[in-house]
Amino acid sequence: MPSDTEEASQPTVNGDNVRALCDVVRELPISAVIDLLSIGVCTRCILRLFGIREHVYYRSSLSPSMLSSVLGDSTCSEKHMVDGNFREPVVCSICLGILQFTYYEDKKLVTEKESANELAVSISSLIRQQGFEIDSFSLEVSIPPIVLENDHTVWLYMKRKYESELWFQGKSISECISAKDALKISLMESLETMLGCKSNISAFRIRLTNTHCISSKTVENSVEGCHGGAGNGLNTIDDDIKCSGLPIEAGAVVERSFVSLQANESSECLKLPIGQSNEPCCLEFLCYRTQIYVGGRYLKYSRNVSQTCWIIDDERMGEASVEEILGSNILPLCRGDNYKFHAAGREDIDVRMLGSGRPFLLEIQNARYIPSEESVNFLETKINNLEKKLVGVKNLKLVGSQSWELMREGEAEKQKQYTALVWISRPLKDEDLQSISSLEDMHILQRTPIRVLHRRSPLEREKIIHWMRIERIVGSSQYFLLHLCTQAGTYIKEFIHGDLGRTQPSIGSILTCRAEILRLDVTDVKMECFLTE
């Protein structure tokens, strides 16, 4: 990004710009401009109320004296009226300082910027301080409901006073530029220049939140004064709207209230003109990137590693977790605030995850850096070569948010393959191999296992065992390997030993002997996502 000092030259209205501005301002009705100045409306709000959109007028240092130099050309008396009586209000009675770039910082210190350019410098400096690397940005602006209310109030005031005059004929409030749009117009070009990238729909957001402590009182008084507290759905304002914490919902309340107010313009609930305020808004900057996802398949080689961090009574279970090993390596690369680990199912701490691996997503919050394909490939190699071979990864890549849905959809449909080391209470017979391998798509009923009843609902679940195969172990008659493929969600340990009859049928009941599982490995999770290319 270019440096702020290189790009922060102060825009001025001169040359072609001043001539264009003069042409625009001369078209404004001087009596209405003087009227608006008299009730404490700032210069930029005057321009936007008349629908003037050009960005240079909002970015530059504007003042009533500049307007008077143009408007006063008409007659000496009018020039005297403008020059002698009106100055830029300390805090605009409509925008409450938003378009004057005057605001409370940290709710204590009043900050005043000469122009939008100075505010843009502060924003771009914050982005640099936080170490973001960006190639585009999206500018989000939130304003308190009282500003929207002020817009409507002043418009009704002007309509009542000037609707008979020719210049007002055919005008509507929809032609006005909102304070939110005016602030965006003011900042956009400067930010694009300073940040060295364009504004569009982007994962990197610059959010400016303006709040004002009297927002909710004004809305409530407006609505209750008109409707007497009747049950119209508009007289109840949520507490979280009171300081504009939810600008969209609060704005909707104001918008709905003024739909009804405009239908009754003689209503006494509006005080016209509006009073002036000495309190500017409180402005908070927030620069953040929406979640990014790193996906792939993990392998777990240890029988003492849990999938996620597992602590019971302040004591860690296992020596590590897949979540922590992957997160501690991926998060520093993306320079994010924190991460969330998501996987397509889970295995017990004493079960290894082998074969093709299990699909997972690591959701990175507020990443400062979007890793390249090359850096992700390097990271995969690094994880696979860690000194302790506890965990590995396959097909690691940066993926979109749609991968989350693909993983969730596939999870319910997936099949899983296992290899279990089994002991039975009698010698294995040749016919046992045949009887087991002949069973295909066998339906079993499993009641919630005893070992998880303390945290799972006591339900009965029907699952499918798609196929099974026994592999003998040389030199052993009572130990063997059982290879099987099952429906997702099958409790494999209970399917082998029967769980005191809570799983029917089981390997024990099929072989008519006692059966115990000694070790278990997941050898394949059959899902389409994150397969090795």
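Computed from a predicted model, the values in this text were never measured in an experiment.
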Are [X] and [Y] side-chain neighbours, meaning at least one heavy-atom pair lies under 4.5 Å?
X: L283; Y: L208; answer: yes
X: N210; Y: P144; answer: yes
X: E516; Y: I496; answer: no
X: F341; Y: E363; answer: no

Between the side chains of [X] and [Y], is a donor N or O closer than 3.5 angstrom to an acceptor N or O?
X: K300; Y: Y298; value: no
X: S136; Y: S202; value: yes
X: K113; Y: S122; value: yes
X: R297; Y: S356; value: yes

Hey, does the side chain of [X] reach the backbone of [Y] with a donor-acceptor pair shorter than 3.5 angstrom?
X: K394; Y: G355; value: yes
X: S477; Y: P427; value: no
X: T111; Y: E105; value: no
X: S476; Y: I473; value: no
X: R426; Y: L511; value: yes

Should K388 and L386 be marked as a side chain to side chain contact (heavy atoms under 4.5 Å, CB included) after you check the CA-CA gap, both sets of side-chain angles, and the distance that decides it?
-> CA-CA 6 Å; K388 287 187 175 182; L386 291 174; 5.8 Å; no
With [X], which residues qualify under salt bridge (Lys or Arg N to Asp or Glu O under 4.0 Å), at least two apart?
X: D181; result: none
X: R346; result: none
X: E347; result: R358
X: R289; result: none

Pairing residues for [X] by the side chain to side chain donor-acceptor pair (under 3.5 Å) criterion, not counting sequence neighbours:
X: R447; result: none
X: S375; result: S372
X: D350; result: K493

Run the side chain to side chain contact (heavy atoms under 4.5 Å, CB included) check on V391 and Y301 step by step: do they pass?
-> CA-CA 6 Å; V391 169; Y301 305 121; 5.8 Å; no
State which residues pass side-chain contact (heavy atoms from CB on, under 4.5 Å) with [X]; sequence neighbours excluded, sorted by chain then number.
X: Q417; result: W467, C485, T523, D524, K526
X: I450; result: D499, L500, R502
X: L286; result: R207, Y288

Solution key, residues 319-328 side-chain donor-acceptor pairs under 3.5 Å, sequence neighbours excluded:
from	atom 1	to	atom 2	distance (Å)
S321	OG	E324	N	3.1
S321	OG	E324	OE1	2.7
E323	OE1	C309	N	3.1
E324	OE1	R316	NH1	3.1
E324	OE1	R316	NH2	3.2
E324	OE2	R316	NH2	2.8
S328	OG	E324	O	2.8
S328	OG	I325	O	3.1

Applying salt bridge (Lys or Arg N to Asp or Glu O under 4.0 Å), which residue pairs with at least one partner in residues 455-473 are found, sequence neighbours left out?
->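 Passing the test, one end in residues 455-473: D430-R472.
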Is it true that R303 and D521 make a salt bridge, defined as a side-chain N closer than 4.0 Å to a carboxylate O?
->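 Judged by the 4.0 Å cut-off on N to carboxylate O distance, R303 and D521 do form a salt bridge.
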Which pair of heavy atoms, one from G295 and one from F530, lies closest together, and at what distance?
->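 In terms of heavy atoms, the two residues are closest at CA-CZ, 4.2 Å.
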